[in-house]
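Below is one structure, written out as structure tokens; comments come after it.
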Amino acid sequence: MENSIDYIIKNFEECLDHIAKEKQDTHEEFGYKDSAIVTLGYSISDKAKDINLLLKNERTESIEIILRTIFEQSVYICAILNKDTENRASALMDSFNIQEMKKMKKLGSSLGIDLENILKKRWTKIHY
């Protein structure tokens, strides 16, 4: 049975999917702004699902922490859309990429391979 939180999450994700599909259908570039908004949107949606699961299981101790993250990500979206959108979106996506690169470096180190350079070469081929 779908509750109101499930309904909101489902509709929110449908909106995000619509943004991506509309860009694809019109052959518009899916730029940094779009990537930042959709990435943050799906992150908010995932966190809302986590909250919903915690509520269903009557495990409310961590909800405030997750709500704070949702609030912060909502502020990021507002800040990106408020002004200097392309630069702010680009900075956010660069920050995400740096975080991912750090994770890959750590993972590669534990596996004994140089994932950082492999990903840098791949990133350069894709984006330049």
### Query
Salt bridge or not for Lys56 and Asp6, using N-O below 4.0 Å?
yes

Please confirm whether the backbone N or O of [Y] pairs with a side-chain atom of [X], one donor and one acceptor, at under 3.5 Å?
| X | Y | value |
| --- | --- | --- |
| Arg88 | Ala79 | yes |
| Thr26 | Glu22 | yes |
| Asn82 | Cys78 | no |
| Asn52 | Ala48 | no |
| Ser110 | Leu107 | yes |

### salt bridge (charged side-chain N to carboxylate O under 4.0 Å, His left out) evaluation trace for Glu61 with Arg59
CA-CA 6 Å; Glu61 302 84 24; Arg59 303 286 305 197; 3.7 Å; yes

### Task
Give the cluster check for Ile44 versus Ile8: same hydrophobic cluster or not, with ILVMFWY residues linked at side-chain heavy-atom distances below 4.5 Å.
no

#### Entry: Hphob cluster co-occupancy, Phe12 + Tyr42, side-chain heavy atoms under 4.5 angstrom
yes

Return the [atom1] to [atom2] distance between [X] and [Y], rounded to the nearest 0.5 Å.
| X | Y | atom1 | atom2 | result |
| --- | --- | --- | --- | --- |
| Lys33 | Leu92 | NZ | CG | 14.5 Å |
| Gln73 | Thr39 | CD | OG1 | 10.0 Å |
| Tyr7 | Asn11 | OH | CG | 4.5 Å |
| Asp94 | Ser90 | CG | OG | 4.5 Å |
| Cys15 | Lys10 | SG | NZ | 11.5 Å |
| Thr60 | Leu54 | OG1 | CG | 8.5 Å |

### Task
Any pair with a residue in residues 63-79 that passes salt bridge (charged side-chain N to carboxylate O under 4.0 Å, His left out), sequence neighbours left out, goes on the list, sorted by first then second residue, please.
Arg68-Glu72

### Task
Keeping to residues at least two apart or across chains, list the salt bridge (charged side-chain N to carboxylate O under 4.0 Å, His left out) pairs with something in residues 41-52.
Glu13-Lys49

Quick one: closest heavy-atom pair of [X] and [Y], and the distance?
| X | Y | answer |
| --- | --- | --- |
| Thr85 | Ile80 | OG1-O, 2.8 Å |
| Leu40 | Ile77 | CD1-CG1, 3.6 Å |
| Leu53 | Asn57 | O-ND2, 2.9 Å |

### Query
Under a single-linkage rule joining Ile, Leu, Val, Met, Phe, Trp and Tyr whose side-chain heavy atoms are separated by less than 4.5 Å, which residues share a cluster with Val75?
Phe71

### Query
Checking side chain to side chain contact (heavy atoms under 4.5 Å, CB included) for the pair Ser74/Ile70: CA distance, chi angles, key distance, verdict?
CA-CA 6 Å; Ser74 299; Ile70 290 173; 4.2 Å; yes

